[in-house]
Amino acid sequence: MKYIISYQNLHNHYIDIEFIADKINQDELLIQLPAWRPGRYELGNFAKNIQKWSAFDAQGNILESAKIKKDCWKIKTKGVSQIHIKYNYYAAEINAGSTFLDTTQIYMNPVNCCVYIPERINEACELILQLPLDYQIAIGLKPNTSPTSKEKIFFANNFHELADSPFIASNSLQHQSFICAGVTFNLWFQGECKPDWQKLTSDFTKFVNEQLIMMKAFPAEQYHFLFQILPNKTYHGVEHVTSTVIALGPGYNLMKNDLYADLLGVSSHELFHAWNVKTIRPIEMQPYDYSTENYSRLGYVCEGVTTYYGDYLLFRSGVFNEEQYLKTFADRLQKHFDNFGRFNLSVADSSFDTWLDGYNPGVPNRKTSIYDEGCLLAFVTDIFIRKNSDNKNSLDDVMRYLYSEFALKNKGYSAEDYKGIVEHFSNASYNEIFYNYTNKAVDYEPILIDAMEYIGCELSKNPSGKIHEHGLGIKVSSINGVCKIISVYPNSVADVAGISVNDEILAINKMQIKTEGSGTNFNDWCNYFINDNSREDIISLHLTIASQGIIKELDLIHQHNNYYKIVVMKKSATANKEQKNNFETWSKNKF
């Protein structure tokens with residue numbers, strides 16, 4: 001089976017695709033386009049981007065065809081031995097999982113736009129790219145073409161490998177490579193930026209080596225970090241076996257402070273995915289079925305464990321210092337304690353429901369996060385194993401076992417498999433965490449405190465520095481030039497007063513609320529009225545709210561330090577020698 005990729009008018013963003021398959025020996029043939037892409041467990045409905053679609057025989061005669069589902073076609077093929085399907089795909093969106101065409105590049109995720117014959121999904125594929133001679137190609141597939149040829153040809157062992165092999169082709173790619181444990185790792189940057197190659201290769205070598213040492217083997221002969229660097233604020237990554245696509249921006253901040261830390265964090269996260277979820281897979285995804293949802297309750301392992309290791313291995317390898325790591329961990333803690341969905345839907349059930357409402361927050365306080373709660377559970381599980389094995393084993397052993405005994409044997413694992421492996425390496429019952437936290441909607445605070453104590457740390461909860469958060473129980477943001485409420489603390493004074501998520505705050509004590517960039521002056525006015533000792537007559541705040549187009553006037557008396565807290569993990573001043581040793585064994589850093 002062959003896929004010929006070309007284009008005509010770059011500014012129209014349409015990629016032309018010709019799919020050719022021979023050895024046709026049936027009267028009717030089904031042609032499927034993927035309905036979703038691995039790495040994002042929600043329906044993508046990629047077929048909406050196809051403008052033209054026709055089927056032909058080898059002589060160019062049109063074959064009768066009809067669309068029978070949103071992304072599946074039936075072709076009349078009686079007496080036909082070869083089919084040619086010609087269609088185009090609108091590629092105007094650029095992120096880490098999309099397909100994009102403009103005057104600077106062609107960037108493709110084949111899983112978005114390449115059709116396949118379901119019963120022949122395991123047959124070899126040929127990808128033929130018709131490109132300008134000066135284009136470089138960043139791709140994980142092996143080439144079989146002359147460097148001077150206009151047609152660049154690549155082979156995939158099956159459609160799964162093709163679907164998992166995004167590429168960027170342009171004449172402006174910046175490239176550097178390095179070798180770790182015999183594996184070549186490539187850094188490709190597309191977009192306006194100035195990579196500091198020495199700093200990049202130094203930091204990448206450290207965390208790549210740490211991951212290779214931990215897992216002891218790598219699932220590919222080479223690996224490609226494909227960076228789409230955009231001029232605007234961007235953060236997104238998607239995993240593959242031989243590559244990852246990472247979208248970041250703005251390009252002028254690439255090597256600076258927070259964005260560079262983001263680059264390292266998402267790169268470490270996506271590399272760990274080459275093992276976890278791309279090769280170590282839940283049983284429901286072994287193999288992938290691209291035509292429909294692949295429901296699983298193991299997102300807390302697929303994404304949660306990866307989120308934990310993505311940052312933790314940066315700390316363990318010395319790329320992140322203690323302050324940087326604790327900051328990333330505090331972000332996970334904060335999201336957990338600010339998300340009241342933890343009382344309504346477990347992380348296992350939230351894993352299942354990614355297919356329902358995707359990666360949007362959804363209705364207020366309904367669900368947890370496979371990334372955040374999953375990360376915290378991974379930390380707790382790691383410490384649980386260390387504690388019960390006297391630091392002889394850890395979550396590292398679980399992941400290595402899943403790789404050697406499941407992934408390399410083409411077996412998917414179940415939730416019970418994962419539980420059993422944790423119990424094997426800890427030599428203790430995992431029931432409490434598994435049944436009462438992973439599979440139950442509950443606050444993680446008790447198990448977090450217990451895990452932190454083992455490594456000489458403690459959970460610190462302090463009042464938010466914003467009066468409207470700790471005193472009223474609301475969080476706000478500037479959205480489309482309006483001060484909008486994005487979160488309401490259950491049973492807070494704001495909640496009792498009838499304030500809802502998405503309400504707009506127009507005024508406080510008759511003073512207009514204005515937005516300033518991404519922020520507002522709402523908290524400044526809260527500070528002014530509440531902390532102004534010369535205005536003792538002001539005992540409450542009068543808010544003018546717009547709710548679904550209806551103006552409301554509400555009086556709220558703030559409750560000092562009652563609601564949102566700032567949550568961090570920090571070292572305990574009273575940590576004993578054993579706890580300090582546990583910290584150093586866990587982190588490979590001095591206490």
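Of the charged side-chain nitrogens involved, at least one lies within less than 4.0 Å of a carboxylate oxygen, so that Glu469 and Lys475 count as a salt-bridged pair. At a threshold of 4.0 Å, the pair Arg297-Asp349 counts as salt-bridged, since one of the basic side-chain nitrogens sits closer than that to a carboxylate oxygen. Between Lys335 and Asp331 there is no salt bridge, since no side-chain nitrogen of the basic residue lies less than 4.0 Å from a carboxylate oxygen of the acidic one. Arg40 and Glu303 are not joined by a salt bridge, as no carboxylate oxygen comes within less than 4.0 angstrom of a charged side-chain nitrogen. A salt bridge does not link Arg332 to Glu373: none of the charged side-chain nitrogens sits closer than 4.0 Å to a carboxylate oxygen. The residues Asp503 and Lys484 are annotated as not salt-bridged, no charged nitrogen and carboxylate oxygen being separated by less than 4.0 angstrom.
When all heavy atoms are compared, the tightest approach of Asn436 to Lys440 is OD1-NZ, 3.3 Å. Between Phe591 and Ala575, the shortest heavy-atom distance links the atoms CZ-CB, 3.7 Å. Closest approach of Ser369 to Asp372, counting heavy atoms only: OG-N, 3.0 Å. The two atoms that bring Leu226 and Ala138 nearest to each other are CD2-CB, 3.4 Å, heavy atoms only. The heavy-atom pair separating Ser346 from Asn439 by the smallest distance is CB-C, 3.6 Å. Nearest heavy atom pair, residue Cys526 against residue His468, reads SG-CB, 4.1 Å.
Counting non-hydrogen atoms of other residues, nucleotides and ligands closer than 6.0 Å to CD of Glu453 gives a total of 12 or fewer. The number of heavy atoms from other shown groups lying within 6.0 Å of NZ (Lys565) is above 12. Other residues, nucleotides and ligands place no more than 12 heavy atoms under 6.0 Å from the NZ atom of Lys466. Crowding of Asn427 atom CG: a count of heavy atoms from other residues, nucleotides or ligands under 6.0 Å not exceeding 12. Crowding of Asn257 atom CG: a count of heavy atoms from other residues, nucleotides or ligands under 6.0 Å not exceeding 12. Shown here is Glu416, whose CD atom has more than 12 heavy atoms of other residues, nucleotides or ligands within 6.0 Å.
For Asn276, the side-chain hydrogen bond (donor to acceptor under 3.5 Å, both in side chains) partners two or more places apart in sequence, or in a different chain, are Thr306. Residues forming a side-chain contact (heavy atoms from CB on, under 4.5 Å) with Asp289 (at least two apart in sequence, or on another chain): Ser291, Thr292, Asn294.
Here the side chains of Gln579 and Ile455 are not in contact, with every heavy-atom distance at 4.5 Å or above. Tyr444 has its side chain within reach of Val347: a pair of non-hydrogen atoms, C-beta onward, lies under 4.5 Å apart. By the 4.5 Å heavy-atom criterion applied to side chains, Tyr435 and Lys419 are counted as neighbours. Between Gln334 and Ile566 there is a side-chain heavy-atom pair separated by less than 4.5 Å. Taking the side chain as every heavy atom from C-beta outward, Asn562 and His470 never approach each other to under 4.5 Å. Considering only heavy atoms from C-beta on, Asn122 stays 4.5 Å or farther from Phe159 through its side chain. In this structure the side chain of Ile433 reaches within 4.5 angstrom of the side chain of Thr438, judged on heavy atoms. Arg281 has its side chain out of reach of Phe406: every pair of non-hydrogen atoms, C-beta onward, lies at least 4.5 Å apart.
We find the OG1-CD distance between Thr242 and Gln222 to be 7.0 Å, quoted to the nearest 0.5 Å. With rounding to the nearest 0.5 angstrom, the CZ atom of Arg366 is 9.5 Å from the CG atom of Asn344. Between His160 atom NE2 and Ser165 atom OG the span is 12.5 Å, to the nearest 0.5 Å. Thr307 contributes atom OG1, which lies 6.5 Å from atom NE2 of His273 (distance to the nearest 0.5 angstrom). Distance CZ/Phe185 to OH/Tyr223: 8.5 Å, rounded to 0.5 Å. To the nearest 0.5 angstrom, Leu376 atom CG is 10.5 Å from Thr368 atom OG1.
With ring centers used as reference points, Phe189 lies under 6.0 Å from Trp197. Checked against the 6.0 Å centroid threshold, Phe434 and Tyr437 do not count as a close aromatic pair. Note: Phe379 and Tyr312 fail the aromatic proximity criterion, with ring centroids not under 6.0 Å apart. Ring-centre distance between Phe167 and Tyr107: not below the 6.0 Å cut-off. With ring centers used as reference points, Tyr489 lies under 6.0 Å from Phe340.
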query = Yes or no on ring-ring contact (aromatic ring centres under 6.0 Å, His included) for Phe315 and Phe320, after CA distance, side-chain angles and deciding distance?
reply = CA-CA 5 Å; Phe315 181 38; Phe320 274 6; 8.7 Å; no
message = The test is salt bridge (Lys or Arg N to Asp or Glu O under 4.0 Å); show your working for Lys411 and Asp417 and say whether it passes.
response = CA-CA 11 Å; Lys411 291 166 49 183; Asp417 289 327; over 6 Å; no
message = Could you walk me through whether Lys409 and Glu405 satisfy the salt bridge (Lys or Arg N to Asp or Glu O under 4.0 Å) test, starting with their C-alpha distance in whole Å, then the side-chain angles of each, then the deciding distance to 0.1 Å, before giving a yes or no?
response = CA-CA 6 Å; Lys409 295 179 180 179; Glu405 299 305 314; 2.7 Å; yes
inquiry  = Set out, in order, the CA-CA distance, both residues' side-chain angles and the distance that settles salt bridge (Lys or Arg N to Asp or Glu O under 4.0 Å) for Arg316 and Asp396, then state yes or no.
reply    = CA-CA 12 Å; Arg316 213 162 83 176; Asp396 294 11; 3.0 Å; yes
request  = Decide salt bridge (Lys or Arg N to Asp or Glu O under 4.0 Å) for Glu322 and Lys590; before the verdict, give the C-alpha distance in whole Å, the side-chain angles of both, and the deciding distance to 0.1 Å.
outcome  = CA-CA 10 Å; Glu322 182 180 300; Lys590 296 292 289 183; over 6 Å; no
key: Steps toward side chain to side chain contact (heavy atoms under 4.5 Å, CB included) verdict (Lys570, Leu326)   = CA-CA 8 Å; Lys570 66 177 185 179; Leu326 290 179; 5.6 Å; no
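Using modelled atom types, one finds a donor on one side chain and an acceptor on the other under 3.5 Å when comparing His240 with Asp164.
Of the options Tyr309, Phe218, Tyr308, a ring pair (Phe, Tyr, Trp, His ring centres under 6.0 Å) to Phe272 is made by Tyr309 and by none of the others. With Ile385 as the partner, the side chain to side chain contact (heavy atoms under 4.5 Å, CB included) test is satisfied by one option alone out of Ile421, Asn393, Val380: Asn393.
No donor-acceptor distance shorter than 3.5 angstrom exists from the side chain of Asn232 to the backbone of Pro250, with no hydrogens or angles considered.
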